[in-house]
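Report on one structure; see the data block that follows.
Letters A, B, ... mirror the listed sequences (proteins, then strands); counts begin at 1. Note that these values count all heavy atoms, side chains included, but never hydrogens, waters or copies made by symmetry.
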Amino acid sequence: MNTTPSTSTSTSTSTSTFNGVPIQVPLEIITEEEMAFLEAALSSALPLFPPRCSSPSSLFRVAAIASLPSSPKSQSQPLRSPDIEDSTPPAPVGSLLHRFRSRRALAVTDITGSEWCEKQVEFGLLHGRPKRTAAMEAGSIRHAELEEEVVEKVEIQIKSIEESWALKFMNFMVGANQLLFEGLTRELPVIGVVEDTWMIGVIDELQMPVGESSLNPCLVDTKTRYRATIPSEAQKRNARLQLMCYKYLWDNLVVNDFPTGHFFDHFALNPQYVLSEDIRQYSSSLGFEAKTFEEVVSYFRNTCSMLPPSDEQLLLRYELQSDHSILEEYKFSFDANWFKNEIQKRLEFWRGEREAEYVSDAERWKCRFCKFSASCPVTLASSNKAE
DNA sequence: ATTGCTTAAAGG
């Protein structure tokens with residue numbers, strides 16, 4: 001018998017193994033504020049989680065990190081129900097979407113990446129992505145720190161694509177539960193269809209309002225900066241788009257029934273896949289008795305229908321990497337028209353309906369940070385223009 | 001195509 005996961009928070013990569021023992025979550029005395037919140041949540045009949053999961057005093061949410069030992073194998077798919085068909089159109093052959101994202105969904109950062117510069121995204125896909133910079137490294141470390149404040153991770157071996165999706169769904173359910181009972185969660189995975197395209201992302205932070213104002217969670221994204229400068233408009237616009245993607249995905253999950261059949265079909269997954277003993281025990285420790293992949297998705301679907309939509313106001317928080325001081329806090333509203341237009345524009349590029357667009361003249365400064373600038377036609381275009 | 005390879009997001 002192995003042990004429960006380590007409760008040590010000293011290292012950033014807590015790789016405590018999960019081996020069949022129900023996970024012990026640290027318990028704490030519940031405060032009056034938490035109790036008030038709990039009562040409010042219960043009276044609004046929002047969370048209906050199994051007892052194990054509904055402990056309001058859990059300090060951490062447990063998130064599963066998938067570790068894939070060998071090449072994943074799906075169990076042979078039995079009968080595909082004939083009435084369920086993939087409603088999303090196939091990516092045009094030869095498009096970047098088809099070549100690089102056909103077996104997995106487009107990521108929110110794929111959208112924001114192309115909003116920054118489509119040509120840079122294209123170069124990255126075709127010729128290899130640039131190395132991560134020191135600033136990116138520091139940003140990743142800071143985000144891991146923030147996540148560790150509220151999420152305890154356990155490592156779970158997965159044997160198939162179905163199991164990797166199952167963990168995503170379970171992490172969502174635990175995270176959503178944590179949001180309702182503790183008022184905050186971080187690094188929450190979301191998935192959905194945006195403009196006929198499957199999209200996935202990870203919400204940086206969700207918090208319930210502290211006052212009695214509303215029950216709508218607020219989406220937050222922390223951006224760390226290497227220098228103590230105010231972010232440029234292009235950077236803010238890019239981050240706004242990112243947050244709007246998350247809001248769209250969250251609200252979409254909450255308001256509409258998750259299209260289970262389309263999901264299985266689009267990603268060619270086997271709903272009847274029998275989960276490994278490890279995963280079933282992990283699921284059971286969360287309060288979900290699931291034997292097959294389909295059952296996990298079913299729990300996920302039910303969970304979504306009980307969640308509140310997010311606040312119209314979105315929050316961007318810029319902090320300095322050296323001392324975590326706040327450089328700027330920036331609230332803005334979801335703009336449905338702007339969002340839809342922006343998504344459609346970027347999807348045209350991903351679907352190969354048009355050539356990659358270069359940055360505008362006003363944002364040509366972006367090229368100074370791009371490792372592809374030397375071989376990019378945009379440089380030529382600008383020098384021609386100057387003559 | 002590959003930063004870390006299991007994925008997204010990391011910052012400009």
Side-chain angles (χ1 to χ4, degrees), chain A residues 12-13 15 63-72 96-117 120-147 153 155-169 171-172 186-191 198-205 221-239 241-243 245-246 249 267 316-321 327 359 363-373:
Chain A
S12 61
T13 49
T15 53
I65 326 168
S67 66
L68 197 60
S70 55
S71 62
L96 295 177
L97 192 60
H98 177 82
R99 291 173 67 187
F100 299 103
R101 296 291 185 268
S102 58
R103 285 289 290 171
R104 53 190 173 121
L106 197 67
V108 167
T109 44
D110 288 331
I111 291 292
T112 56
S114 51
E115 196 277 336
W116 183 262
C117 177
Q120 187 184 48
V121 168
E122 186 185 71
F123 267 113
L125 291 170
L126 298 177
H127 306 295
R129 282 185 197 168
K131 291 196 168 188
R132 20 169 44 198
T133 61
M136 287 162 98
E137 195 66 57
S140 295
I141 290 169
R142 177 60 179 148
H143 277 262
E145 266 175 27
L146 289 169
E147 182 181 11
K153 289 190 171 176
E155 197 173 284
I156 294 184
Q157 292 233 322
I158 54 163
K159 298 192 180 68
S160 65
I161 305 294
E162 282 83 357
E163 293 188 342
S164 100
W165 281 109
L167 287 190
K168 264 203 183 79
F169 290 125
N171 284 338
F172 175 90
R186 294 200 171 117
E187 305 296 325
L188 190 80
V190 281
I191 176 171
W198 279 94
M199 198 177 289
I200 47 174
V202 179
I203 297 175
D204 190 31
E205 181 176 321
D221 206 302
T222 299
K223 300 285 177 203
T224 74
R225 293 177 71 76
Y226 183 67
R227 290 177 197 285
T229 53
I230 294 301
S232 65
E233 177 52 27
Q235 287 172 318
K236 289 201 234 179
R237 186 184 64 229
N238 196 249
L241 178 59
Q242 187 180 6
L243 268 173
C245 286
Y246 295 144
L249 289 170
F267 294 103
L316 269 167
R317 185 187 294 137
Y318 287 91
E319 67 167 51
L320 187 60
Q321 287 180 351
L327 294 168
V359 293
E363 294 181 5
R364 196 57 53 85
W365 54 266
K366 286 176 178 176
C367 303
R368 285 196 288 116
F369 301 93
C370 179
K371 86 151 188 174
F372 303 116
S373 61

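Partner A:K223 forms a side-chain hydrogen bond (donor to acceptor under 3.5 Å, both in side chains) with one of A:Q242, A:Q235, A:H143 and no other, that one being A:Q242.
With respect to the salt-bridge test (charged N to carboxylate O, under 4.0 angstrom), the residues A:K153 and A:E187 do not qualify. Of the charged side-chain nitrogens involved, at least one lies within less than 4.0 Å of a carboxylate oxygen, so that A:R142 and A:E145 count as a salt-bridged pair.
Taking side-chain N and O atoms only, A:S164 has no distance below 4.0 Å to OP1 or OP2 of B:dT7. The phosphate of B:dA10 (OP1 or OP2) has a side-chain N or O of A:K223 nearer than 4.0 angstrom. Of the side-chain N and O atoms in A:T109, one or more sit less than 4.0 angstrom from OP1 or OP2 of B:dA9. For the pair A:H143 and B:dA9, the criterion of a side-chain N or O lying under 4.0 Å from OP1 or OP2 is not met. Between A:Q321 and B:dA10 there is no side-chain N or O to OP1 or OP2 distance below 4.0 Å. An OP1 or OP2 oxygen of B:dG12 is reached within less than 4.0 angstrom by a side-chain nitrogen or oxygen of A:R225.
Nucleic acid contact class of A:R104 (heavy atoms, under 4.0 Å, all strands): base. Counting any heavy atom pair closer than 4.0 Å across all strands shown, A:T112 reaches no nucleic acid atom. Residue A:Y246 is in sugar-phosphate contact alone, with no base atom involved, counting any heavy-atom pair closer than 4.0 Å across all strands shown. Across all strands shown, A:L126 has heavy atoms under 4.0 Å from sugar-phosphate atoms exclusively, and none from any base. At a threshold of 4.0 angstrom between heavy atoms, the contacts of A:E163 with the nucleic acid are absent. Contacts of A:Y226 with the nucleic acid, taken as non-hydrogen atoms under 4.0 Å apart, involve only primed sugar atoms and P, OP1 or OP2. Residue A:Q242 is in sugar-phosphate contact alone, with no base atom involved, counting any heavy-atom pair closer than 4.0 Å across all strands shown.
Map A:D110 and A:L125 each onto its nearest nucleotide of DNA chain B; the residue landing nearer the 5' end is A:L125. When each of A:H127 and A:N238 is assigned the nucleotide of DNA chain B bearing its nearest heavy atom, the one mapping closer to the 5' terminus is A:H127.
Residues satisfying the ring-ring contact (aromatic ring centres under 6.0 Å, His included) criterion with A:F123, sequence neighbours excluded, are A:H127, A:F372.
Residue ring and nucleobase are stacked for A:W116 and B:dG12, with a centre distance beneath 5.5 angstrom and an angle between planes beneath 30°.
Although no hydrogens or angles enter the test, the distance criterion places no donor-acceptor pair under 3.5 Å between the side chain of A:E363 and the main chain of A:V359.
Stem regions for DNA chain B, meaning three or more consecutive Watson-Crick or G-U pairs with both distances under 3.5 Å, do not exist: the list is none.
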